[in-house]
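Structure first, then comments.
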Protein chains: 2
Amino acid sequence: MPRVVDAEQRRQQLAEAVWRVIRRDGVTGASVRAVAREAGTSMGALRHWFATQDQLLSFAMTLVVERARDRITAVLRAGAPLRDQVLAVLEETLPLDDERRAEGEVWLALTARALVDADLAALRDRAATELSGLCAAVVDALAEAGELAEGVDAALEAERLYAVLDGLAVHAITRPSALPPARVREVLAAHLAELRDTR
Amino acid sequence: MPRVVDAEQRRQQLAEAVWRVIRRDGVTGASVRAVAREAGTSMGALRHWFATQDQLLSFAMTLVVERARDRITAVLRAGAPLRDQVLAVLEETLPLDDERRAEGEVWLALTARALVDADLAALRDRAATELSGLCAAVVDALAEAGELAEGVDAALEAERLYAVLDGLAVHAITRPSALPPARVREVLAAHLAELRDTR
DNA sequence: ACGAAATTAGCACAGTCGTGCTATCAACGA
DNA sequence: TCGTTGATAGCACGACTGTGCTAATTTCGT
C-alpha cells in the first residue's frame with residue numbers, strides 16, 4: 001500500500017466514512033468494523049489512526065464543526081454588504097444542501113449521544129459556544145450598523161436567533177419534506193427582517 | 001407475583017424504566033437486559049409485554065408524546081385568559097422542570113434514532129405534525145383575538161414559532177447551565193410579545 | 001379447591017461488540 | 001540493498017446483544 005501523503009488527510013477520509021455509516025445506520029451502527037468496511041480498510045488500520053472508538057467519533061464530530069467554520073470564514077472573507085453577509089453566514093449553519101444536510105444529521109446524532117458521553121459533550125459545548133457567539137456577533141454587527149431596532153435587548157435577541165437557527169436545523173433535518181430549503185430560507189430571512197424593523 | 005391491575009399501567013411502568021436507562025446511558029444503553037434490571041423484573045417478563053425491543057422503544061416515545069399532550073389539554077381546560085394560556089401551553093412543551101427535562105432528553109435521543117428507524121420516524125412525524133399544528137393554532141387564535149400585528153404571514157409565523165420552541169428545547173436540554181428555565185421563559189415571552197406588537 | 005390463563009423467570013443460541021495483540025506489507029533513508 | 005519506520009491486516013478474547021423458547025409461578029374464575 002502506498003504511504004499516505006498527509007496523515008491528517010487520512011484521518012479525515014476515515015472520519016468521512018464514519019459520517020456515511022452514521023447517516024445510513026445511525027450512531028449505533030458506527031462500529032469499528034462497520035466503519036473500516038465502509039472506508040475499505042481493516043480494523044487494524046483504523047485502530048492505527050484512532051486508538052479507541054470514542055476518539056474516532058470525537059474526531060468525526062470535530063470535523064463537522066471545522067467544515068462549518070471554514071465555510072463561514074470563507075463567507076466572511078468574501079465581504080458582501082452587511083445584510084447579505086449576515087444572511088449568508090447564518091445559512092451556512094443550516095442544512096440547505098446535501099453536504100450541509102449530511103453534516104446536520106451527524107451533528108444531531110452525536111448531539112444526542114453527547115448526553116451520555118463526556119468527551120462528545122465537551123466538543124458539543126465548545127461548538128455551541130462558538131455558534132452562540134456567532135449569533136451574538138451578528139446582532140451586535142446589526143446594532144452597530146444602525147440596522148437594529150431601538151430598545152432591543154441584544155443578548156436576548158442573540159439567544160432567540162440562536163434558537164431559531166437550531167430549531168430550523170432540527171426540523172429541516174428530521175422532516176425535510178415539511179420544511180424544504182427554500183422555506184427555511186424564508187423563515188430565517190423573515191426573522192432577520194423583523195430584527196431590523198421591529199418596534 | 002401479584003397480577004397487575006391494569007395492563008396499560010404495567011406497560012407504562014416498563015416504559016418509564018426505559019426513560020431512566022436512556023437518561024443514564026443513552027439509547028445505546030437501553031438493552032433489553034438493562035431495562036429489565038432497571039424495572040426490577042426479568043427479560044422474559046419484559047418480552048411478555050413487548051415482543052421486540054423496537055416495540056419497547058416505540059412505546060416509550062409514544063408515552064413521551066402522550067404525557068405532553070395530556071399536560072397541554074389540562075392547561076386548555078383550565079381556561080385562562082388567551083395571552084396567559086398561550087404562554088402556558090407552549091411552556092408545557094419545554095424542559096422547564098425535571099419531569100419535562102427527562103421527557104426532553106428521551107425525545108432528543110429517540111429523535112436522533114428516528115433518523116435510521118422507520119417506526120420511530122413515523123411516531124416522530126405524527127408528534128411533529130401535532131406540535132406544528134399547535135403552533136399554527138396559537139398564531140390563529142392570536143389573530144382572531146386581534147392580538148396579532150397586521151400584515152403578518154400566519155403560516156410563516158407558525159413555522160418560526162415552532163422553530164423557536166424546538167430550538168429552545170434543544171439548547172435547554174443540551175446546555176442547561178447556559179440556558180436555565182427562567183431564561184427560556186424570557187426568550188419565549190419576548191418572542192410572543194413581538195408577535196403581537198410588531199410592524 | 002382445582003384448572004385455565006396470565007405473568008414471570010431465565011437459559012440457549014447465534015451474533016456483534018471494542019480492543020489487545022502479532023504478523024505482514026510497503027516505503028524511504030542510508 | 002538493507003534495516004527501520006509507517007501502515008495495514010486480521011485473529012482472539014471476553015463481554016454484551018436480541019430473541020426463541022420452556023418451565024415455573026401466580027392469579028383468577030368457577
Side-chain angles (χ1 to χ4, degrees), chain A residues 1-22 24-61 109-110 112-114 116-120, chain B residues 1-22 24-61 109-110 112-114 116-120:
Chain A
M1 284 292 201
R3 166 170 298 196
V4 171
V5 188
D6 184 12
E8 185 63 15
Q9 183 179 328
R10 182 69 176 129
R11 288 166 64 91
Q12 292 191 11
Q13 285 173 10
L14 297 173
E16 284 171 16
V18 174
W19 294 359
R20 291 195 295 275
V21 174
I22 288 183
R24 190 187 337 114
D25 305 318
V27 200
T28 305
S31 68
V32 178
R33 285 168 180 81
V35 172
R37 202 180 312 124
E38 173 67 35
T41 183
S42 67
M43 288 168 48
L46 191 54
R47 285 202 74 229
H48 176 72
W49 295 102
F50 300 97
T52 69
Q53 191 187 25
D54 282 345
Q55 290 179 25
L56 176 60
L57 293 181
S58 289
F59 185 80
M61 186 158 194
L110 292 178
R113 179 181 247 248
V116 291
D117 180 324
D119 289 337
L120 283 182
Chain B
M1 281 292 198
R3 164 168 299 200
V4 170
V5 186
D6 182 14
E8 184 63 15
Q9 184 179 327
R10 181 69 176 132
R11 289 166 63 91
Q12 292 191 11
Q13 285 173 9
L14 297 172
E16 285 171 15
V18 173
W19 293 359
R20 291 194 295 275
V21 174
I22 288 183
R24 191 189 333 116
D25 304 318
V27 201
T28 304
S31 67
V32 179
R33 286 168 180 80
V35 172
R37 202 179 313 125
E38 173 67 36
T41 181
S42 68
M43 289 169 45
L46 190 54
R47 286 200 77 234
H48 175 73
W49 296 101
F50 300 98
T52 69
Q53 190 188 26
D54 281 346
Q55 289 179 25
L56 177 59
L57 293 182
S58 289
F59 185 80
M61 185 156 193
L110 293 179
R113 179 180 246 250
V116 292
D117 180 324
D119 290 337
L120 283 182

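The figures here come from the full heavy-atom set of this structure, side chains too, leaving out hydrogens, waters and symmetry mates. A note on names: the letters A, B, ... follow the listed sequences, proteins ahead of strands, and every chain is numbered from 1.
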On DNA chain D, does the nearest nucleotide to A:A45 precede the nearest nucleotide to B:G44 from the 5' side, or the other way round? Give the residue. A:A45
Between CG on residue A:L110 and CG on residue A:D117, distance to nearest 0.5 Å: 9.0 Å
Value for CZ (A:R47) from CG (A:L56), rounded to nearest 0.5 Å, stands at 11.5 Å
Rounding to a whole Å, what distance do you find between B:D6:CG and C:dT7:C1'? 15 Å
Counterpart residues, salt bridge (Lys or Arg N to Asp or Glu O under 4.0 Å), relative to A:D119 (two or more places apart): none
Yes or no on side-chain contact (heavy atoms from CB on, under 4.5 Å) for A:Q12 and A:Q9, after CA distance, side-chain angles and deciding distance? CA-CA 5 Å; A:Q12 292 191 11; A:Q9 183 179 328; 5.7 Å; no
Could you write out each protein N or O paired with an N or O of nucleotides 11-18 of chain D at a distance under 3.5 Å?
residue: D:dT17; atom: OP1; partner: B:S31; partner atom: OG; Å: 3.0
residue: D:dG18; atom: OP1; partner: B:Q53; partner atom: OE1; Å: 3.0
residue: D:dG18; atom: OP1; partner: B:Q53; partner atom: NE2; Å: 2.3
residue: D:dG18; atom: OP2; partner: B:V32; partner atom: N; Å: 2.8
residue: D:dG18; atom: N7; partner: B:R33; partner atom: NH1; Å: 2.7
residue: D:dG18; atom: O6; partner: B:R33; partner atom: NH2; Å: 2.8

Establish, with yes or no, whether the OP1 or OP2 oxygen of C:dT8 is under 4.0 angstrom from a side-chain nitrogen or oxygen of B:H48. no
B:L46 CG to C:dA6 C1', straight-line distance once rounded to whole Å: 16 Å
So does A:R47 get a side-chain nitrogen or oxygen closer than 4.0 Å to the phosphate oxygens (OP1/OP2) of C:dG20? yes
I need the CD-P distance between A:Q9 and D:dG6, as an integer number of Å. 18 Å
Got a second to check how far B:W49's CH2 is from B:R10's CZ, nearest 0.5 Å? 7.5 Å
Nearest-Å distance, CZ (B:F50) to P (D:dG20)? 16 Å
Does a side-chain N or O of A:W49 approach OP1 or OP2 of D:dG6 to a distance below 4.0 Å, or not? no
Between A:L57 (CG) and C:dC17 (C1'), how many Å, whole number? 13 Å
Just list the side-chain donor-acceptor pairs under 3.5 Å for residues 25-41 of chain A, sequence neighbours left out, or say none.
residue: A:S31; atom: OG; partner: A:A34; partner atom: N; Å: 3.1
residue: A:E38; atom: OE1; partner: A:R24; partner atom: NH2; Å: 2.3
residue: A:E38; atom: OE2; partner: A:R20; partner atom: NE; Å: 2.6

